[in-house]
K.L.:
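I have a structure I would like to understand better, so I am pasting it below and will then ask my questions one at a time.
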Amino acid sequence: MWAACRQDFAHRWADAVTGTSYVPLGTDELVAHLLGLTHRLVESLLAPEFDPEPARAVGSDLVAAHFTGTETLSRTVVLLGERLPQMLDGWLPDAATRVTRLTGALAGGYAGALKERTLDEQEAIRNAMLAARRDVERERIVSEARFRAVFTEAAIGIAISDLRGNILEVNPALMRMFRYSAEEFRRRNVREFVHPEDAASIWLAYEQVMSGELDHYHTEKRFFRADGELIWTHLTSSLVRDADGTPSFQVALMEDVTEQKRLQARVEHQSFHDPLTRLPNRALFADHLARVFGEAGPYHRIGLCFLDLDGFKDVNDRLGHDMGDELLVAVAARLARCCGPRQLVARMGGDEFVILVEGSSGPDEVVGLAEDIQGVLRPPVRVGDHELTVTASIGIVERPVTEASAAELMQAADMTLYWAKADGRNRYAVFDPSRNAREMDRLTLSAAMPGAVDRDEFVVEYQPLVALTDGALRGVEALVRWRHPTFGLLGPDRFIGLAEETGVIVPLGRWVLARSCEQARRWRDAFGTDAPFVSVNLAPRQLYEKGLVADVTAILAGTGLDPSSLQLELTERAVMGDEAGPRAALTELHDMGVRIAIDDFGTGYSNLSYLRRLPVTGLKLDGSFADGLRRSEETDTTDERIVATLVTLAHALDLTVTAEGIETAAQVERLRALRCDAGQGWFFAPASAPERIEAMLRAAVPLGTVG
Ligand code: C2E
Ligand code: MG
Ligand code: MG
């Protein structure tokens, strides 16, 4: 962050605190001192992981530098809240949260240090008084005068009582603090100053002092003023003994810390509440959740509704952020309305809210809550002159506390909310462990895939493409598999889609192509003209990739494979677009002599006349056609007539036809009768390792006739 910004901040800080405390520094020294503190605060805000410690230290350094006036801290807090988020805007995504936490830490450090300092001061006064009493015999008059001066002039309140607790004397500071006159004090006993929420330990310590067991103690204690107002004090209570050591009376020293307490409470509240909606914020929610997980017994269940408004960004974009804010406030109020006593609603940020159901009775209760939420959101919200309809997507998780950690619960809620959104918004989704496992697998796979190409985890198998006239092995289709180190052997249906989404299909496809061409070249060397061509699947994305033609050319040149020994399979979807690039690439490949086949033909929406204008050499009829020809007893079925028409038209366009998914001899018979050229399927052979293909080539028997 720019030095000028920090300098400016330090100046504003100096302006804000000047006059609030007596600090023995000139203006320039003051700015320099605060600039040092500013650097420390800004560095801690910009750290990768936010750590509140440096801010706490800055708070206590303020006290050390005598910034101890009642206004110093509050002005500092206001300045931090106003300036820092603005200074950091664009540097940090979570600037506001960090600043709130930083402010809280600074205030905490400040209050802690101030307490220490007060105790030190009280200790000094106490010692002075004890010394005064001890000196009594020697310098009675001088010391008595000194004691009187301390007593009346002291800024802190002092009360002296006898050993039964009757108040004997109070100084002016204490009278101002409590708003009682000396007379009113003297009518009272110390024990009447009990506050109903005093810790038992305070009064135990008091009794111990009175009985001489304890010399003195420090504590923080609240009192009621004469007008009924509550005040907080730092209290030191001590026993004073006479010259021969007998307990003679008790002295209480009190400093009013009500303002600091109030400020600290405000800062604490701010750091745990969202300033816009006044709902608990993410930090408070996390605290609460951790407590539920920490305290719950084994039968305790917990539920979460995690919700996100649908299309909230639109409202912000169309109507402006102020309207967006108003809408959030209205939604927050409605959500708070449908929450019962065991339920906590928090704003997690942006348009995300969460409702925690502690000790839920089962999923139904939380589903019921989600329905209530949908109900309260249904009436349109009036914002300015607009009537807005709001809907929310809700993720629901409900389970025994013992079955998961808080982090797992949140992760599940997050995933479930995502489902509700993906399934079409304005709905709730209930967490489903098996769907979660599938999606986690997808994530795991897609993360591992890029490296897997380099680690050589993919393998190619080859499935014969057989001439129906004589059963000869004409070609093989290259089908990729992934030997995953933990999931085992994965078929392409598990990862090709993911590879397309992530773009890994491009390097993976290039690898399959190279591997298949090397293999085809080896067969060519071993079997000459009997060697099969290799048919490689091309994903749509690869066709749109600029380097495709260059890649194919380089691979063919590198392996020395003739282009006519390579076929590329493309789906109808891939070739249907009317962009010039893919079309040009196909034409170039075709002109080089590479065969182009349309894969899974009949499942898409292309028609044959359209194909006429494309550089295509063959069709692969989708397996569903072969399926329709299973039963040999029925003849001239609709499926049969469709296949007959397709074959006739394809031949008219000079395209060869290969039927996929052939599993029975009857299918072969009928496809042959319909003049289909080639077939592929388990009836002939499944996809196999290259060695098996070699064995078939060596045996040179028509496929489908043996084994
Ligand atoms: P496809 O190109 O239609 O490949 C044919 C699929 O049908 C293969 O599934 C094959 O094992 C299966 N099959 C073969 N014979 C029979 C049979 O008689 N009956 C039945 N029911 N199925 C049979 P596989 O290997 O799981 O491949 C699935 C799809 O994955 C392929 O469909 C292809 O679209 C894609 N794919 C495979 N390898 C690659 C690749 O290297 N690149 C790209 N882009 N896609 C690939
Ligand atoms: Mg294919
Ligand atoms: Mg296919």
Side-chain angles (χ1 to χ4, degrees), residues 20-21 63 68-75 77 107-108 110-126 129 148-207 209-210 216-240 249-269:
T20 61
S21 314
V63 174
T68 50
T70 37
E71 285 287 295
T72 313
L73 179 60
S74 60
R75 292 198 187 174
V77 165
Y110 184 91
L114 198 60
K115 180 172 171 182
E116 285 298 315
R117 198 196 60 122
T118 308
L119 292 182
D120 290 349
E121 277 177 8
Q122 290 179 347
E123 190 69 18
I125 293 179
R126 198 177 74 88
M129 285 180 51
R148 274 292 138 205
V150 169
F151 188 74
T152 45
E153 299 304 321
I156 66 174
I158 306 176
I160 300 176
S161 63
D162 67 18
L163 294 179
R164 287 191 300 277
N166 300 312
I167 296 172
L168 305 174
E169 244 187 304
V170 291
N171 75 341
L174 195 75
M175 293 191 270
R176 284 194 298 275
M177 203 189 286
F178 276 76
R179 314 234 166 142
Y180 282 125
S181 66
E183 213 23 65
E184 285 167 319
F185 265 119
R186 262 185 236 116
R187 281 201 297 270
R188 285 164 184 265
N189 186 286
V190 170
R191 293 183 184 83
E192 292 169 43
F193 287 90
V194 174
H195 184 280
E197 284 164 42
D198 277 347
S201 55
I202 293 180
W203 288 98
L204 180 67
Y206 173 76
E207 297 301 340
V209 166
M210 298 306 265
H216 66 279
Y217 72 96
H218 302 296
T219 186
E220 198 170 70
K221 174 169 159 36
R222 61 206 119 164
F223 290 97
F224 288 115
R225 261 182 2 199
D227 55 6
E229 285 287 311
L230 186 82
I231 53 174
W232 275 97
T233 66
H234 283 164
L235 165 72
T236 298
S237 174
S238 30
L239 185 66
V240 179
F249 54 89
Q250 187 255 151
V251 179
L253 304 171
M254 274 168 267
E255 168 141 1
D256 185 345
V257 292
T258 315
E259 256 319 298
Q260 291 160 32
K261 268 285 205 203
R262 229 175 256 155
L263 189 64
Q264 210 179 335
R266 208 176 73 213
V267 169
E268 232 159 69
H269 186 270

K.L.:
Looking only at non-hydrogen atoms, find the nearest pair between F193 and D198 and report the distance.
P.N.:
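It is O-OD2, 4.3 Å.
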K.L.:
Given side chains that start at C-beta, do those of F224 and P196 come closer than 4.5 Å, heavy atoms only?
P.N.:
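Contact flag for F224/P196 side chains = yes.
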K.L.:
Is V170 close to F178 at the side-chain level, that is, under 4.5 Å between some pair of heavy atoms?
P.N.:
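F178 vs V170: side chains apart.
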K.L.:
Let me see the working for F223 and T258 under side chain to side chain contact (heavy atoms under 4.5 Å, CB included), right down to the final yes or no.
P.N.:
CA-CA 10 Å; F223 290 97; T258 315; over 6 Å; no
K.L.:
Between G165 and R191, which heavy-atom pair has the shortest distance, and what is it?
P.N.:
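Here G165 and R191 meet closest at CA-NH1, 4.2 Å.
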K.L.:
Check whether any side-chain heavy atom of L114 sits under 4.5 Å from a side-chain heavy atom of V257, and report yes or no.
P.N.:
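Of all side-chain heavy-atom pairs linking V257 with L114, none is under 4.5 Å.
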K.L.:
Ignoring hydrogens and geometry, is there a side-chain-to-backbone donor-acceptor pair from N189 to R164 under 3.5 Å?
P.N.:
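Checking the backbone N and O of R164 against the side chain of N189, a donor-acceptor pair under 3.5 Å is found.
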K.L.:
Parallel, tilted or perpendicular: which describes the rings of H218 and H216, with under 30° parallel and over 60° perpendicular?
P.N.:
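Rings of H218 and H216: perpendicular, over 60°.
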K.L.:
If you compare all heavy atoms of F249 against all heavy atoms of I160, which two are closest, and at what distance to 0.1 Å?
P.N.:
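Shortest heavy-atom separation between F249 and I160 comes out as CD1-CG2, 3.3 Å.
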K.L.:
Closest approach of M177 and I231, non-hydrogen atoms and distance?
P.N.:
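Here M177 and I231 meet closest at O-CD1, 3.8 Å.
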K.L.:
Taking R222 for its side chain and E197 for its backbone only, find out whether a donor-acceptor pair lies under 3.5 Å.
P.N.:
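Yes; judged by distance alone, with no hydrogens or angles, the pair exists.
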K.L.:
Hey, is the main chain of I156 close enough, under 3.5 Å, to the side chain of N171 for a donor-acceptor pair?
P.N.:
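At least one qualifying donor-acceptor pair exists.
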K.L.:
Verify, without hydrogens or angle tests, whether E184 (side chain) and S181 (backbone) share a donor-acceptor contact under 3.5 angstrom.
P.N.:
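A pair under 3.5 Å: yes.
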K.L.:
Between K261 and E220, is there a salt bridge with N-O shorter than 4.0 Å?
P.N.:
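Yes, this pair counts.
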K.L.:
Any idea which heavy atoms bring Y217 and I202 closest together, and the distance?
P.N.:
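Nearest pair, atom of Y217 first, then I202: OH-O, 3.6 Å.
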K.L.:
Where do V209 and S237 come nearest, in terms of heavy atoms and distance?
P.N.:
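So the two residues come closest at CG2-O, 4.3 Å.
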K.L.:
Considering only heavy atoms from C-beta outward, does the side chain of L174 approach that of I158 to under 4.5 Å?
P.N.:
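No; the side chains remain at least 4.5 Å from each other.
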K.L.:
May I ask you to decide if K221's main-chain N or O and T233's side chain share a donor-acceptor pair within less than 3.5 Å?
P.N.:
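Here the side-chain-to-backbone pair exists.
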